[in-house]
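Following: one structure in C-alpha cells, then a few remarks.
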2 protein chains.
Amino acid sequence: MSDLLERLRGRGWRMTSQRRVVAEVLDGDHVHLTADEVHARAAARLPEISRATVYNTLGELVVLGEVSEVATDGRAKRYDPNGHTPHQHLVCSGCGSIRDVRPTGNLLAGLPQEERFGFTLSAVEVTYRGLCPDCA
Amino acid sequence: MSDLLERLRGRGWRMTSQRRVVAEVLDGDHVHLTADEVHARAAARLPEISRATVYNTLGELVVLGEVSEVATDGRAKRYDPNGHTPHQHLVCSGCGSIRDVRPTGNLLAGLPQEERFGFTLSAVEVTYRGLCPDCA
DNA sequence: TTCTTGACTTGGACTCCGTCCATCGTAGGA
DNA sequence: TCCTACGATGGACGGAGTCCAAGTCAAGAA
C-alpha cells in the first residue's frame, strides 16, 4: 500500500496528512475496518481528524478502485484495501471475522441465460458463511 | 403465500390483523420491499399499524424462515418472502431492481479447501450485478 | 521565499434505519 | 363472558452516514 500514496498523487490528489493517515491505517491483508474503526486508528496518530474527512477519503478511495466496500452484515460497511486483486469474502457466523478468498472457476458462468432476465452482467459478489476454527 | 397464515397459526402464532396484513403485503414473486415500504402498504389497509409492529413481524418471519433479509446496497434491508426456495439475487446497477435467480452447480464447491482457512462452510450468498433491459 | 487560491478539513446539525420500552389493547382459551 | 398473557403502540433513543458553512492549508506562481 506504500505506493498507494504515489498512485494517488499521480491522479492529482492533494496530499494532506489526513489522507496519508487514512491510507496508512488501511494497509495490510485481510483488513476490513468500519469507518469508525478507521477513524479511531487514524485519530490515534492525528487526534484532530474528523469523521467527515474519514468518510470523504474512504469514499474517494472507493471511487478510485483502491478500496472496496463490504457489507456482510446489516451493520456498518467495512472497507477492504485489497481493491486491485478480485476476491470474495468468507465470514464467520460466530465472531464475524472476515477472510479474503479466491474461488475457482468463472462465477458469472454459473447463472444460465434463461435466469438472466435480459440483464447484462458485470460483476458477482459472493459471501461464504461458516464457522471459523475458533468458533467451531 | 395464502397458506403462510396457516403455517404461522400452526406454529402457535396469535393471529392479529396486523400480522395478517404484513403477510399479505409480502405475497408474490420477486417482491423485495424495505421495512418502510411494507409499513406504507400495510398502513394503506390498516392505518394505525405502527412501524415497530412491522419490524417485529418481519423479524419473526425471518426467524421462522418464511422470509429472508436481503442487503444489496448500503441502504435499508429488503425482505424477500421467497424463503422456502433457495435462490440468489440479480440486481440492476442502474435502477436497483432485484430479481430472484437460481444459479446452477454447487456454489459451495467453488471454494477450494486451501482457501477455507479451516472454516466449516454452511451457506453462500451471491449477488449478480448488471444492467436490466430498461437501463442498458 | 512569500503569496494566492481553490481544494480540503472541520464539527455540528441533520436524515435515515432500526431498536427499545412502558403502556395499552385484544385473541383466544377457560 | 371473563382473564390474561401475548402482541401493538408510539415516542424516545442510538448508530451509521451525509450535508454544509466556515476555516485551513498544499502546492503552484511569482
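Numbered from 1 within each chain, the chains take letters A, B, ... in sequence-line order.
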Between the protein and nucleotides 21-26 of chain C, are there any N/O to N/O pairs under 3.5 Å, and if so, what are the atom names and distances?
none

Is Arg19(A) near enough to dC8(C) that one of its side-chain N or O atoms lies under 4.0 angstrom from OP1 or OP2?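 Yes, Arg19(A) has a side-chain N/O under 4.0 Å of OP1/OP2 on dC8(C).
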For dT9(C), does either OP1 or OP2 sit under 4.0 Å from a side-chain N or O belonging to Thr16(A)? yes
Looking at Arg51(B) and dG18(C), is any side-chain donor or acceptor paired with a base atom of the opposite kind under 3.5 Å? yes
Can you measure [X] atom [atom1] to [N] atom [atom2] for me and round it to whole angstrom units?
X: Lys77(B); N: dG17(D); atom1: NZ; atom2: P; answer: 14 Å
X: Tyr55(B); N: dG11(D); atom1: OH; atom2: C1'; answer: 15 Å
X: Ile49(A); N: dC8(C); atom1: CD1; atom2: P; answer: 14 Å
X: Leu46(B); N: dA8(D); atom1: CG; atom2: P; answer: 10 Å
X: Arg9(A); N: dG28(D); atom1: CZ; atom2: P; answer: 10 Å
X: Arg11(A); N: dC8(C); atom1: CZ; atom2: P; answer: 14 Å
X: Met15(A); N: dG28(D); atom1: CE; atom2: C1'; answer: 16 Å
X: Leu8(B); N: dA27(C); atom1: CG; atom2: P; answer: 17 Å

According to side chain to side chain contact (heavy atoms under 4.5 Å, CB included), who are the partners of His39(B), at least two apart in sequence or on a separate chain?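 His39(B) satisfies side chain to side chain contact (heavy atoms under 4.5 Å, CB included) with Ile49(B), Arg51(B), Val54(B) only.
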With salt bridge (charged side-chain N to carboxylate O under 4.0 Å, His left out) as the criterion, how do Arg11(B) and Glu60(B) come out once you've worked through the C-alpha distance, each side chain's angles and the decisive distance to 0.1 Å? CA-CA 12 Å; Arg11(B) 301 214 205 199; Glu60(B) 289 156 1; over 6 Å; no
Ranking Arg75(B) and Trp13(B) by the position along DNA chain C of their nearest nucleotide, the one closer to 5' is Arg75(B)
First encountered from the 5' end of DNA chain C, between Glu60(A) and Ala35(B): Glu60(A)
Does one hydrophobic cluster hold both Val22(B) and Val31(B), with members joined at side-chain heavy-atom distances below 4.5 Å?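 Hydrophobic grouping puts Val22(B) with Val31(B).
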How would you list, by chain and number, every residue that makes a side-chain hydrogen bond (donor to acceptor under 3.5 Å, both in side chains) with Glu69(A), sequence neighbours excluded?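 So Glu69(A) forms no side-chain hydrogen bond (donor to acceptor under 3.5 Å, both in side chains) with any residue.
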Quick one: side-chain hydrogen bond (donor to acceptor under 3.5 Å, both in side chains) partners of Arg45(A), sequence neighbours excluded? Glu24(A)
If you check every side-chain atom of Thr53(B), which of dA8(D), dG18(C), dT9(C) has the closest atom?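 Closest of the options to the side chain of Thr53(B): dA8(D).
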Using the side-chain hydrogen bond (donor to acceptor under 3.5 Å, both in side chains) rule, collect all pairs that involve residues 107-119 of chain B, keeping only residues at least two apart or in two chains.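 Not a single pair qualifies under side-chain hydrogen bond (donor to acceptor under 3.5 Å, both in side chains).
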Pairwise ring-ring contact (aromatic ring centres under 6.0 Å, His included) hits with a residue in residues 105-136 of chain B, at least two apart: His30(A)-Phe117(B)
